[in-house]
Structure formats: C-alpha cells, structure tokens
Amino acid sequence: MKTRHTLSRELVLERTWPFFIDLGVAAALLAGFYAVLWVAKFWFSTAIPEVEIYRSPSHLPLYAFYSLIRIFVAYALSLLFAVGYGYVAAYNKRFETLMIATLDILQSIPVLSFLPGVMLAMMSLFPSRQLGIEFGAILLIFTGEVWNMAFSFYTSLKSIPRELQEACTINRFSAWQRLFQLELPFAAIGLIWNSMVSVANGWFFLMICEMFPVGSRNFRLPGLGSYLQTAASHGDTQAMVYGIITMILIIVLTDQLLWRPLIAWSDKFKFENVESSNRITSPILYALRNSNVLGIINRHTFRPAAERLYAQLAERRERNLARAAKHSRPQRTQGIIFFMVMGFVLIAICIAAFHAVMLLHDVHVSGLILLLKGAAATFLRVNASLLIAALWTIPVGVAIGSHPKLANIAQPLAQITASFPATALFPLLLLALLHAGLGLGIGSLALMLLAAQWYILFNVIAGAMAIPSDLMEVSTLFHFSGVQRWTTVILPGIFPFLITGLVTASGGAWNASIVAEYFKLQDRTLQTVGLGAQISAASDQGNYPLLLLATIIMALMVVTINRLVWRPLYKLAETRYRLDG
Amino acid sequence: MTEPIIRAQQVEKFYAQPSENRIQVIAPTSLEIFPGEIVALLGPSGSGKSTLLRMLAGLSKPSAGEVLWHGKPVSASQINVSIVFQSFALFPWLTVLENVEAPLKARGIASTTRHKSSLKILDTVGLDGFASAYPKELSGGMRQRVGFARALVVEPEVLFMDEPFSALDVLTAENLRSELLELWQKKTIPTQAIFLVTHNIEEAVLLADRIIVLGRNPGHVRTDFKVNLQHPRDRKSAPFTALVDYIYKVLTRPDVAPAEMPVIEGGRRVRDQRQMHYEMLPHARPGGIAGLLELIIDLNGRTDIYRLADELAFEIDDLLPIVDAAQLLSFLRVEEGDVAITPEGREYAESEILRQKELFRKAALDHVLLLRQITRALNNKTDHTVPEDFFLDMLDEQFSEEETQRQLDTAINWGRYAELFDFDASRRRFVLPETEESMAAAGETEE
C-alpha cells in the first residue's frame with residue numbers, strides 16, 4: 001500500500017517528467033505501427049528474385065531497419081520455442097532424455113550448411129511472395145538463436161527449489177499462474193543473458209543469409225548484410241565503412257536501449273536472500289516504470305484480462321475435480337493414441353533418413369577422401385585459432401580483470417565487441433589481407449580468430465575478477481614467483497571461465513569456417529582447402545549429396561569433440577576448480 | 001468420539017530398485033488427525049517425517065495404502081490445506097502482498113476481496129505496513145511471518161508445518177511459536193488442526209497436544225501419545241522435562257520391537273534394513289566423535305543425552321549421528337537415554353593423535369563391514385586400486401541413490417582418517433596409501 005507521502009510525490013512528478021516520457025512512448029508506439037505496415041507491404045509483395053542493392057548511404061537506415069526486423073522476429077520465435085521446448089523437456093519424463101540429447105546435437109550442427117535447402121523449401125512454400133525468402137532467412141537466424149535459450153530455460157526449470165513447486169501445488173496454482181509467478185521469473189535472468197548471446201549469433205548469420213547464391217539462383221534480401229556484401233564485391237571501401245558504422249551503432253543502441261534496461265529489471269528476479277549492493281541502473285527502465293500511458297494501458301487491458309483468466313481457470317479446475325470424483329479418466333485410449341502418433345513420427349523419420357542416405361550414394365570415394373582432408377585442415381585451423389586466441393586473451397584478460405578500475409571500463413566494451421558479428425568485418429578484413437599479399441589460407445585463420453577470440457577474452461576477464469582477493473594476498477605474502485602465482489592461483493582460478501569461453505569460441509570458429517574458407521570478392525571466388533570451403537562450394541554449385549555428407553562430417557566432429565574434450569573438462573571445472581566450495 | 005479429518009490407512013512409501021529389492025522409506029503406517037488438536041511429528045533424519053507430511057497433505061501419492069479426508073480419498077476431494085515451509089518458499093519477485101494474494105488468485109477470487117482479506121491477515125501476523133516490501137528486504141523471522149500469512153489467508157482446514165522454525169534464530173523462533181499458539185488458542189484463525197513436523201523435541205512438547213515419534217529404516221511409528229500439560233507450558237517444570245527426557249529415551253533406544261514387515265506381491269518380502277548386509281553408517285566425523293568422548297569424560301563418564309544436547313546446544317539431528325557412530329565403534333554404550341563411555345572409548349579419547357588413529361583403525365575394522373571390505377579388496381588387487389563404482393553397486397542394492405553416496409562419503413572420511421586407504425577424488429577410486437601415485441593424489445585432494 002502506498003502511503004500518502006509517496007502519493008503526493010507522484011503528483012509532483014506527474015506535472016514535469018512523465019509528460020515528456022509519455023510523448024516519447026506515444027511516438028514510439030506510432031512509429032511501431034507504421035513500421036509494421038511498411039514491413040507487411042514489403043513482405044506481401046511479389047517475389048523480387050534479384051533485388052538491387054544500392055550502395056548509397058541514404059539507403060542504409062532502411063536496410064538496417066529490415067535487418068533489425070528479421071533479427072527480432074527470429075528472436076521472438078526463438079523465445080517462444082525455447083520456452084515451449086524447455087517446458088515439455090523438463091516436465092515430460094517420457095521425452096526428457098530424448099529432447100535433451102536432440103538439443104545437444106542441434107546445438108553443434110553448422111547452421112549455415114542448411115541455408116540452400118531451407119531457402120529452396122521456403123521458396124516453394126510461398127512461390128510468388130517475398131515472404132518465402134524472408135521466412136527462409138528468419139528460419140536460419142532462428143536456428144542460430146534458439147538452442148542455448150531452450151537449454152537455459154530447461155536448466156532453470158530443473159533447478160527450481162522443490163518447496164517452491166510444492167507451494168504452488170498446495171495452493172492450487174493453475175499451469176498459467178505457475179508459469180507467470182514461478183517458472184518465468186525464476187528463469188528470467190538466465191533467459192536474458194542467453195538472449196544477448198542469441199541475438200549476437202543472429203547477427204552473425206544474418207550477415208551471410210541475406211545474400212547468397214544457390215546453384216544458378218542468387219538470393220538477395222535488402223538489408224545490412226547484403227549491403228556490406230555488395231560493397232565488398234564492388235570493392236567500395238567507403239560503403240563498407242558506412243555499413244560497419246551502422247552495425248556498431250545498432251549494437252550499442254541495442255545494448256543501451258534493450259539489454260541494460262532488461263538486466264536492470266531482471267534484478268528483482270535474483271533468487272537470493274540479500275540485496276546486492278552494486279546494481280546495474282538504467283534510465284530507460286526508470287522512464288518506462290514512471291510512464292503514465294503504460295500504467296493506464298496495463299490497468300485497462302492486461303490486468304482485467306489476467307483477472308478473468310484466473311477466475312476461469314479456477315472455475316475449470318473445480319469442474320474437473322468434480323468430474324474426476326465421479327469417474328476416472330480413460331487413461332488407456334490416451335496411451336494408445338500416444339504410441340500411434342509416436343509410431344508415425346518414427347516411420348516418417350526413418351523414411352527421411354533413408355532418402356538422405358540414398359543421396360549419399362552419389363558421392364564418390366574420392367569425394368569422401370577430399371572431404372576428410374578438408375576436415376583435417378579445418379580441424380587444425382579451428383584449434384590454431386583457439387590457441388592463438390587463448391595466448392593473447394589470457395594475459396590481457398587477467399591483466400584487465402585484476403585491476404577493478406580497468407575492468408569496469410573494459411568489461412562492457414568486451415561485451416559489446418563480443419556481440420559484434422565478425423561476419424560483418426570479413427569483407428573489409430579480407431580486402432586488407434589480400435592487399436598485404438596474403439592468401440585465404442592465412443586469411444581464413446584470421447577470420448576464425450576474429451569470430452572466436454572475444455568469447456575467451458570476455459570470460460577470462462570475468463574469471464580474473466572472480467578470484468578472491470585473499471588468494472592473491474596469500475601469494476604475495478609467501479612471495480610466490482611469477483610462475484608459481486600463475487600455476488597455483490590464476491590459472492586454476494580462471495579455469496571454469498576459460499573452459500566456458502573456449503567451448504563457445506570453438507563453436508563460433510567451426511561455424512565461421514563455412515564463411516571464412518570460401519569467399520566471393522569482386523567476381524573472384526577465393527577458397528582454401530577445408531571442410532567449410534567444401535560446404536560453401538557444394539551449396540554454391542547445388543551439389544546436395546556432397547553438401548549433406550560434408551555437413552554430417554562437420555556435425556559429427558563437433559559433437560565428438562564436445563563429448564570427448566569439452567564435457568570432461570567442464571566437469572573437472574565444475575568439481576575441482578570451483579571457488580565457492 | 002469425533003470423526004477424524006484425515007485418516008491414513010496403511011500408507012507406505014518405497015522406491016523400486018532395478019534389482020529385486022526395493023527401498024522402503026516408510027513402512028505401512030496408519031494414523032488419524034482429529035479436529036482441535038496440534039499434532040507434532042518427531043523423528044531422526046531419515047525417518048520420513050517430511051514424506052509422511054506430504055502424503056497426508058495430498059502432495060505426494062503413497063506407494064500403497066490410502067489417505068482419506070472426511071472419509072473420501074484425498075485425490076478426489078476438495079481439500080483446503082496449507083503448508084508453512086522450512087525455507088519459507090516465498091516468491092522473491094513478488095511483494096509481500098502479492099505473495100499472500102497468490103493462493104487467492106489461484107482460487108479465482110475477485111481482486112478487491114483478495115486485497116482486503118490479504119491485508120487483514122497481514123495485520124493478524126503483525127506485518128502491517130510491510131505489504132509492498134519484497135521478501136529479500138525482510139529478516140528471516142519477518143519472512144516466515146509472510147509464510148504464515150500466505151498459509152492462513154485461505155483459512156485452511158488443516159495447517160501443515162514442515163520444520164517452520166528451524167531456519168530461524170532461537171529468540172525469533174520462540175517469539176513466533178508463542179504468537180502462533182495465541183492465534184490458535186484464541187481461535188483467531190478458523191483452522192481445525194495443525195500438523196507440525198520438527199526435530200526439536202522441546203518445540204514439540206511446548207506446542208503439541210499429541211506427539212508421534214517416528215523411527216527410521218524404514219520410517220515407522222514408535223510411539224503416539226497425548227500431552228496433557230496446561231498452556232502456557234513451563235520449560236523448567238518437572239512434568240515438562242520428564243516428557244522431554246522420555247522422548248529422548250524413545251529416540252535413542254533401538255530395542256523397541258520393530259514394526260512387522262509386510263509381504264509384497266509375489267511372496268517377496270520387503271527387506272528390513274536392520275537385517276541387511278550393511279549397517280547404516282551414521283554421518284559423523286571422527287573429530288566429532290573424539291570431541292563427544294572427551295566431553296563425556298569431563299562429565300564423569302556417564303550422562304543423560306538430553307543434558308548433553310542441552311550443554312552443546314545441539315539439535316537432536318546433529319547429536320544422534322555422533323552418538324550412533326561412537327556406539328557403533330563401541331566407544332560408547334547407550335542405556336535408557338543415558339550414555340556411558342567404554343574403556344576403549346576412554347583410551348581413544350585420552351591418547352595422542354597417532355595412537356588415536358591406530359585405535360580408530362582397529363575399531364573401524366572390527367565393527368564396520370564396508371570399511372573391512374574396501375580394505376580387503378584393496379589388499380587383494382595387484383594394483384591396489386578399486387573404483388568407487390564397485391562399492392556403489394553393492395550399496396545401492398540396499399540404500400537409495402542419495403544415501404548410497406552419503407554412505408560412501410562417510411566411509412571415505414573414516415577410512416582416510418584411520419589411514420586405511422585413500423581416495424582419489426578426480427578418478428573416483430580407492431587407493432592404498434603406500435603406493436607412490438596415491439601419495440601424490442593424497443597431497444592434491446587434501447582439504
């Protein structure tokens with residue numbers, strides 16, 4: 001209950017600030033409405049097979065807007081899917097193991113190799129509409145965004161304390177109330193951090209899938225990614241710089257206008273008993289919280305709707321209970337239907353898998369040997385890039401992390417840099433490399449390094465900051481030598497963080513290999529030996545059997561490395577090198 | 001006699017194991033809860049107190065038997081109950097008022113009514129003015145008041161409490177207890193019965209009209225009696241202390257006739273864990289055992305367990321494992337609620353550290369089968385290493401998954417102390433301390 005004092009203060013506030021805030025919110029709503037109309041007009045127009053991409057900077061805002069829409073539609077879909085998937089996996093014992101194993105594999109499959117297939121399928125679904133290509137792109141971005149979020153939601157659900165669940169049950173919460181009052185709030189923080197990672201991934205893929213050739217067809221969508229690629233293929237450095245500046249602007253604005261307010265807001269979902277002292281603050285969040293318009297909208301739409309929903313759910317529960325008391329439900333037919341549906345799904349999967357294997361029949365043994373050679377080359381390249389990245393990021397990250405003042409400045413910067421899509425820099429970097437007389441062999445390594453290193457840096461800084469100062473004091477007290485300090489305090493201290501960074505970086509590097517090893521620049525096709533190049537080339541030439549086989553090999557390698565290397569290391573980090581006992 | 005609100009008929013809980021055996025958590029138990037009484041359920045940890053509470057409240061389905069509410073199965077009746085949890089189980093992202101309103105919301109009660117009754121109950125539990133605070137801004141005692149308000153706002157017929165005061169400090173707990181008793185006695189709340197799970201014996205005697213004591217392995221009712229003391233009850237009065245003493249005796253005396261073990265379908269018999277291969281290792285540390293023995297020597301070698309707990313300000317759950325462990329190693333004898341030190345125990349407590357380890361080693365090998373087996377297996381193998389899994393597989397025939405790990409953890413703790421063997425935590429295997437490799441491992445894994 002608000003006391004009179006706070007009420008009077010609110011009255012004063014009402015006259016000054018919220019008026020402008022409301023104007024701002026209203027303008028934003030109008031703009032949003034107009035944007036929806038604009039996008040709809042474009043999407044439902046007839047398909048434009050080869051959109052002309054203009055290189056003049058005056059087109060950039062519109063292109064950036066289109067790209068943003070794609071990113072956030074894909075993100076919204078990912079969020080819905082992640083919540084649904086995580087929910088079913090956490091509560092349905094029958095499906096849990098299967099669903100989590102699937103998630104694990106889907107996470108490691110190189111998304112980009114599905115580009116041609118998805119695009120062609122979507123084109124045939126919506127043959128005469130621009131919507132088809134748009135959906136194809138959005139679907140691909142979706143697959144790049146969704147898995148970590150689903151996983152995060154699932155683990156959050158699994159770690160809800162038992163007594164909270166019981167409190168819901170004993171108080172007869174409906175599934176909806178449980179979702180909104182327990183499950184979503186409990187998972188919120190994890191979901192928000194993963195959303196940041198996901199959207200960064202989304203940009204990475206967007207840069208590629210706005211413009212690419214499949215066989216004889218050349219797909220193009222107006223957007224930031226296609227702008228940068230067009231600029232690169234014309235060697236227009238100025239346009240490229242404009243594009244990159246726009247990208248940086250978008251990243252910084254998303255961080256300030258979306259993520260920071262969200263993180264500040266999510267502070268109330270922290271499941272801890274004490275209030276933390278240093279919180280992230282956000283003026284945007286303050287503005288939204290004090291906006292009258294939003295308050296009125298909430299009071300007149302959501303709140304009554306929620307009231308009605310809860311009343312109806314309670315009523316339905318009563319009825320169900322009364323019915324259950326009379327006769328028990330026919331469990332058996334449900335079981336039969338379940339097994340029939342599962343049977344059909346299984347048969348469909350088998351048929352599809354069989355056809356896929358039949359496709360592989362067309363690949364010659366020589367092709368396979370080439371693929372394996374490529375796989376070895378890419379494997380070496382990925383690990384070389386990880387090694388180089390680790391070599392420079394560990395000392396730098398530790399140096400930054402152990403100086404609190406420096407860390408306060410550098411950490412948000414590293415975070416923003418990590419969310420900048422490396423693919424946007426590829427054309428520019430490649431031009432520079434070629435200018436310096438280096439081939440794609442070295443070039444691709446540099447590109448993969450660019451895609452991977454920030455994850456490691458970002459995590460090492462966090463790790464170094466987490467080392468308790470008393471451990472550092474002990475090493476000073478006993479006059480540890482430099483080597484001893486590194487081996488007994490620093491390296492074990494950052495180990496869990498380093499592993500997390502390396503796992504993410506390794507995934508990033510594998511995905512980057514598809515783009516980095518094969519590049520079209522100024523009507524030239526640059527390529528080097530590697531699995532990524534083979535995947536790109538196969539999709540370029542429309543050679544689907546080869547594409548499928550290459551994709552399978554890459555997925556297998558990634559899954560195997562995850563199982564054999566990263567997972568045991570992760571376990572070790574979780575058990576032995578945990579600092580909080 | 002009045003009709004009971006809840007009647008549990010031969011309810012039991014067990015977990016099926018992959019093998020023929022099953023882990024019995026609660027043996028078939030029948031009990032009734034009548035209107036107008038506060039029932040306290042006491043028992044050592046592992047006696048299934050909380051499980052029993054959850055079965056009565058309809059949260060957990062019994063593996064066999066039935067819980068009836070007013071004569072109808074619990075699953076098919078509209079029961080009105082609440083639980084006050086040990087961890088409070090509040091939603092940290094909701095304000096105090098929203099937390100209290102949540103159960104009413106679930107019942108589809110209109111916003112204004114909801115608001116009014118929530119504010120009223122907050123007033124009743126003394127949280128006037130805290131409605132818009134978040135739980136994390138409150139102290140533990142205040143938080144549990146919110147827990148009580150949330151439980152009482154639905155005017156439950158039976159109020160269940162799962163160790164509601166054990167997360168609070170002594171003074172706060174005392175304060176809350178007396179306030180609860182006042183609400184109950186003045187009939188401020190329409191609740192018909194209160195069912196309280198606790199491991200604090202004094203708390204039970206202070207509050208309850210009836211006390212049920214559970215034994216463990218598997219959980220079963222040891223005794224069920226009425227407390228006929230006038231409120232307010234005086235902790236120092238002779239009848240009070242006599243009752244507390246009696247409960248201590250029941251809890252520490254293992255020789256009460258075990259409950260009859262049932263025959264399950266197919267003629268297989270549920271195994272009573274006391275007849276099983278491995279005795280259950282009490283989870284006590286060797287240092288704790290030595291400390292207890294020294295204290296008993298200071299008390300002339302013989303003392304009352306109740307007094308001991310009082311002296312140490314220990315809860316029964318903390319003290320009993322240490323007493324059990326000392327008894328298992330025959331350093332102690334327990335007779336009628338008293339503990340007496342044995343000559344072995346005296347020698348152990350008075351020796352210096354190396355001799356102590358030697359005596360512990362001998363006692364452990366003599367009395368603990370698991371330690372004997374681990375040592376023998378290590379000596380018989382040529383490489384003097386045995387993986388942990390080997391013993392886990394043997395133990396989980398008999399214990400639940402969680403208990404199996406705890407048993408092994410305790411065995412490792414004892415074995416390391418007694419220098420019987422060492423345990424390589426990174427490779428999850430037992431090793432003999434002589435081998436060079438294990439010395440290196442020991443250096444790394446030392447805590």
Side-chain angles (χ1 to χ4, degrees), chain A residues 1-3 6 160-174 176-178 180-182 184-186 188-189 265-276 303-304 306-318 321-328 571-572 575-576 581, chain B residues 54 57-60 72-73 75-95 97-99 102-111 114-115 119 122 128-132 134-138 140 143 147 150-151 153-154 156 160 162 425-426 444-445 447:
Chain A
M1 281 258 80
K2 279 166 183 152
T3 62
T6 53
I160 293 178
R162 194 177 69 134
E163 293 203 331
L164 277 180
Q165 291 278 20
E166 287 177 344
C168 291
T169 313
I170 204 84
N171 288 317
R172 311 182 198 161
F173 280 21
S174 55
W176 279 111
Q177 194 177 3
R178 199 184 277 247
F180 285 115
Q181 293 202 317
L182 176 64
L184 281 180
F186 193 84
I189 292 178
W265 173 71
S266 72
D267 196 63
K268 74 173 192 177
F269 300 124
K270 266 192 191 149
F271 198 78
E272 56 182 21
N273 293 328
V274 282
E275 255 187 301
S276 55
R303 237 184 271 174
E307 288 297 332
R308 216 167 307 144
L309 177 73
Y310 283 126
Q312 272 176 10
L313 286 172
E315 207 178 301
R316 204 171 66 187
R317 191 184 168 278
E318 301 268 312
L321 202 74
R323 210 179 308 146
K326 279 186 197 136
H327 36 238
S328 55
K571 223 172 176 178
L572 188 67
T575 49
R576 189 147 160 202
Chain B
R54 278 158 179 76
L59 269 183
S60 153
K72 283 200 305 194
S75 54
S77 41
Q78 182 71 281
I79 59 170
N80 189 10
V81 293
S82 286
I83 300 184
V84 177
F85 295 95
Q86 179 178 12
S87 65
F88 320 138
L90 301 173
F91 303 108
W93 39 84
L94 298 183
T95 61
L97 185 66
E98 284 167 338
N99 262 296
L104 298 177
K105 216 172 177 177
R107 284 162 163 78
I109 289 167
S111 156
R114 207 164 68 200
H115 209 71
L119 285 176
L122 282 177
D128 213 6
F130 286 94
S132 53
Y134 283 95
K136 62 180 120 181
E137 300 171 56
L138 305 179
R143 270 183 232 163
R150 186 179 66 183
V153 76
V154 297
F160 288 94
D162 189 8
S426 52
E444 278 172 38
T445 49
E447 277 157 86

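Throughout, protein chains are lettered first and strands after them, A, B, ... in sequence-line order, and every chain is numbered starting at 1.
The closest side-chain heavy-atom distance from Val154(B) to Arg172(A) is not below 4.5 Å.
For Phe85(B), the parts sitting under 4.5 Å from any heavy atom of chain A are the backbone and the side chain alike. Proximity to chain B (any heavy atom under 4.5 Å) is shown, for Pro185(A), by both the backbone and the side chain.
Using a distance-only test at 3.5 Å, with no hydrogens or angles considered, no donor-acceptor pair links the side chain of Glu315(A) to the main chain of Gly108(B).
The two residues Glu307(A) and Ile109(B) have their closest heavy-atom pair at OE1-O, 4.4 Å. Taking both residues in full, the closest heavy atoms of Ala106(B) and Asn171(A) are given as CB-O, 3.4 Å, listed atom of the first, atom of the second, then distance. Closest of all the heavy-atom pairs between Trp93(B) and Leu182(A) is CZ2-O, 3.6 Å.
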query = After noting the C-alpha distance and the side-chain angles of Glu98(B) and Gln181(A), does the key distance pass the side-chain contact (heavy atoms from CB on, under 4.5 Å) rule?
reply = CA-CA 10 Å; Glu98(B) 284 167 338; Gln181(A) 293 202 317; 5.7 Å; no
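Around the CZ atom of Phe130(B), the shell of radius 6.0 Å holds no more than 12 heavy atoms that belong to other residues, nucleotides or ligands.
Contacts of Arg107(B) classified as salt bridge (Lys or Arg N to Asp or Glu O under 4.0 Å), with partners at least two apart in sequence or in another chain: none. Applying the salt bridge (Lys or Arg N to Asp or Glu O under 4.0 Å) rule to Arg54(B) yields the partners Glu163(A), Glu166(A), Asp162(B); only residues at least two apart in sequence or on another chain are considered.
Put simply, of Gln312(A), Arg162(A), Gln165(A), Arg178(A), the one with the most heavy-atom pairs under 4.5 Å next to chain B is Arg162(A).
Here the straight-line distance linking atom CD1 of Ile170(A) with atom CD1 of Ile83(B) works out to 4.0 Å at 0.5 Å rounding. Atom-to-atom distance recorded for Tyr310(A):OH and Leu104(B):CG is 13.0 Å, nearest 0.5 angstrom. The OG1 atom of Thr95(B) sits 8.5 Å away from the NZ atom of Lys268(A) when rounded to the nearest 0.5 Å.
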